[in-house]
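Working notes, structure below.
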Amino acid sequence: MRLSRYFLPILRENPKEAEIVSHRLMLRAGMIRQEAAGIYSWLPLGLKVLQKVAEIVREEMNRAGAIELLMPTLQLADLWRETGRYEAYGPEMLRIKDRHEREMLYGPTNEDMITAIFRSYVRSYRELPKILYHIQWKFRDEQRPRFGVMRGREFLMKDAYSFDVDEAAARLAYNRMFVSYLRIFARMGLRVIPMRAETGPIGGDQSHEFIILAETGESAVYCDAGVLNLPIPDETIDYDGDLAPIVKQWTSLYAATEDVHDAERFARETTEGQRIETRGIEVGQVFFFGDKYSKPMNANITGPDGVERPFQGGSYGVGVSRLVGALIEANHDEAGIIWPASVAPFKVGIANLKVGDAATDAACEKLLAALEAAGVDVLYDDSADRPGAKFAKLDLIGLPYQAIVGPKGLAEGRIEIKTRASGERVELSLDEAIKRLIAS
RNA sequence: CGGGGUAUAGCGCAGUCUGGUAGCGCGGAAGUUUUGGGAACUUCAGGUCGCAGGUUCGAAUCCUGCUGCCCCGACCA
């Protein structure tokens with residue numbers, strides 16, 4: 001992609017409304033634009049990252065055996081009255097009426113709807129287990145949105161729902177999602193810790209929050225340093241196998257958010273020097289909630305014993321849009337963003353230091369064509385900006401590799417490859433550089 | 001939802017106290033010279049001063065009401 005044809009509105013100065021670093025960098029890098037408090041347009045660069053994050057979530061959900069569908073953003077109030085949640089949810093729920101004065105709402109979550117879908121088709125335990133999920137925009141009318149996309153009112157979320165005949169089977173679904181979450185965040189280069197958590201207004205009796213440790217996090221968290229070094233299951237993990245040992249390994253060390261933190265237990269179960277007290281950003285949550293929705297909504301299935309009973313359910317969320325902000329909180333420096341390769345909007349940025357110089361232009365064109373032909377996502381800065389401005393721009397948007405092409409280097413037959421994360425620079429011939437950028 | 005701010009050009013701000021032709025920096029356009037870490041000079045364009053009332057010969061400025069946005073707290077994926 002040529003920058004001259006792209007849409008990348010970079011801001012040189014810090015917008016005053018942005019307090020935390022991810023919000024500031026997303027605005028400056030032209031990723032998002034605020035339309036109202038907690039509501040954003042996703043500009044091309046931001047959208048690419050959002051889609052990459054969503055795709056990783058989707059791949060890992062599918063790998064774990066979950067099935068994707070798509071439910072609407074708008075829901076009928078009557079559906080929520082069946083579970084009593086229309087009244088219970090409070091002003092966080094955005095309520096609207098259609099032209100027929102029917103009461104509707106912009107969904108803050110989808111337990112009620114998925115339960116309605118499930119009960120209208122599934123009658124027998126033979127069709128279980130099932131895990132259904134979708135990736136859809138939600139709306140919660142937060143009293144005070146802040147931190148950019150980390151706590152917006154409109155947000156993109158992956159929510160999965162499990163359906164099982166009994167509690168033992170439901171625990172298996174819980175474990176599947178738990179393990180798949182370990183992989184999702186690891187693939188984004190994030191060290192995420194599952195912590196015991198409160199269940200909140202969605203309810204339930206078992207829950208873990210998946211937390212990124214960050215000084216700028218929203219809540220205080222406490223954990224044993226040992227959880228930082230636990231192994232992540234690789235892609236050969238068998239989701240039909242016994243996952244309980246993995247879950248047990250990850251949940252036996254102390255890790256809790258402030259809501260459920262117990263200072264005495266923390267002191268007792270951890271040793272001096274192994275205690276971490278910091279702040280965290282929640283990026284995912286898993287719940288087991290049993291028949292909380294199936295019972296009031298009469299979502300019954302017939303078991304092997306011929307007896308009808310409500311299914312046992314769980315729900316499993318990942319804050320997809322929030323993750324984009326969280327990724328920046330975890331990966332940046334003074335100059336800007338440092339994208340992990342798996343979610344970077346482009347893998348390579350080419351800086352043409354002297355647009356109009358025949359040799360420099362030709363080298364850049366060759367590099368661009370070779371990389372694009374190899375399927376490498378590449379952004380070519382062909383603007384007339386001065387070199388310093390191009391360097392600053394590339395550092396800001398944080399692409400993993402920068403290919404710096406100027407007349408001085410080309411005179412010696414070399415271009416420079418800079419690795420954004422380490423700052424390391426190597427000088428290579430054009431052909432070597434092409435090979436290196438494709439291979440890395 | 002309590003407390004505190006703020007609203008003037010695309011962005012960041014001054015001007016408001018003490019009413020009298022709307023300013024600065026960055027950014028944008030044109031040109032010249034530049035060209036390896038956010039260039040210099042010249043010229044130009046760009047604003048119903050958040051909205052609605054009021055006071056006044058005259059309001060960005062004073063008064064009243066409303067709204068948006070931000071920060072702290074409570075709340076929350």
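In the text below, chain A, chain B and the rest are named by the order of the sequence lines, each starting its count at 1.
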Once salt bridge (Lys or Arg N to Asp or Glu O under 4.0 Å) is applied, do any residues pair with [X], and if so which ones, sequence neighbours excluded?
| X | value |
| --- | --- |
| A:R425 | A:E416 |
| A:E427 | none |
| A:D291 | none |
| A:K366 | A:D431 |

Can you list, in residue-number order, the parts of [range] that come under 4.0 Å of RNA chain B, counting heavy atoms only?
| range | value |
| --- | --- |
| residues 350-363 of chain A | A:L353 |
| residues 23-58 of chain A | A:R28, A:Q34, A:A36, A:A37 |
| residues 390-412 of chain A | A:F391, A:A392, A:D395, A:I404, A:G406, A:K408, A:G409 |

Checking A:Y316, A:F210, A:W250 against A:Y181 for ring-ring contact (aromatic ring centres under 6.0 Å, His included), the one that qualifies is A:F210

Counting only Watson-Crick pairs (N1-N3 plus N6-O4 or O6-N4) and G-U wobbles (N1-O2, O6-N3), all under 3.5 Å, who is the partner of [N]?
| N | value |
| --- | --- |
| B:rA29 | B:rU43 |
| B:rG68 | B:rU6 |
| B:rG73 | B:rC1 |

Find every protein N or O atom lying less than 3.5 Å from an N or O atom of nucleotides 24-28 of chain B, and list the pairs.
from: B:rG25; atom 1: N2; to: A:E13; atom 2: OE2; distance (Å): 2.9
from: B:rG27; atom 1: OP1; to: A:R12; atom 2: NH1; distance (Å): 3.4

Exercise answer: donor-acceptor pairs, residues 332-344 of chain A side-chain atoms, under 3.5 Å, sequence neighbours excluded:
from: A:H332; atom 1: ND1; to: A:I328; atom 2: O; distance (Å): 2.8
from: A:H332; atom 1: ND1; to: A:E329; atom 2: O; distance (Å): 3.3
from: A:D333; atom 1: OD1; to: A:A335; atom 2: N; distance (Å): 2.9
from: A:D333; atom 1: OD1; to: A:G336; atom 2: N; distance (Å): 3.1
from: A:D333; atom 1: OD1; to: A:R420; atom 2: NH2; distance (Å): 2.8
from: A:D333; atom 1: OD2; to: A:R420; atom 2: NH1; distance (Å): 2.8
from: A:W339; atom 1: NE1; to: A:I397; atom 2: O; distance (Å): 3.0
from: A:S342; atom 1: OG; to: A:R187; atom 2: O; distance (Å): 2.6

#### Entry: Donor-acceptor pair present, A:R414 side chain and B:rG36 base, under 3.5 Å
no

_When you measure only distances, ignoring hydrogens and angles, does the side chain of A:R151 come within 3.5 Å of the base of B:rC76 through a donor and an acceptor?_
yes

Checklist entry - Given B:rA39, is OP1 or OP2 found less than 4.0 Å from the side-chain N or O atoms of A:R386? => result yes

Residues in ring-ring contact (aromatic ring centres under 6.0 Å, His included) contact with [X], at least two apart in sequence or another chain:
| X | result |
| --- | --- |
| A:Y401 | none |
| A:F147 | none |
| A:Y86 | none |

Quick test of your reading of the model: are [X] and [Y] salt-bridged, counting only N-O distances below 4.0 Å?
| X | Y | answer |
| --- | --- | --- |
| A:R146 | A:E19 | no |
| A:E432 | A:K435 | no |
| A:K158 | A:E60 | no |
| A:K52 | A:D377 | yes |

Quick note, A:R146 side chain, CB onward, closest among B:rC1, B:rC72, B:rG38 is B:rC72

Do the two ring centres, one from A:F118 and one from A:Y293, sit under 6.0 Å apart?
no

Comparing nearest nucleotides in RNA chain B, the 5'-proximal residue of the pair A:G284, A:A384 is A:A384

How is [X] classified with respect to the nucleic acid when contacts are heavy atoms under 4.0 Å: base, sugar-phosphate, or nothing?
| X | result |
| --- | --- |
| A:G319 | nothing |
| A:E17 | sugar-phosphate |
| A:G90 | nothing |
| A:K418 | base |

Quiz prompt | side-chain contact (heavy atoms from CB on, under 4.5 Å) evaluation trace for A:V324 with A:L156 | solution = CA-CA 10 Å; A:V324 177; A:L156 187 63; over 6 Å; no

Atom pair distance, as rounded to whole Å: [atom1] in [X] and [atom2] in [N]:
| X | N | atom1 | atom2 | answer |
| --- | --- | --- | --- | --- |
| A:F7 | B:rG10 | CZ | P | 15 Å |
| A:I211 | B:rC76 | CD1 | C1' | 13 Å |
| A:F147 | B:rA77 | CZ | C1' | 14 Å |
| A:E19 | B:rU6 | CD | P | 16 Å |

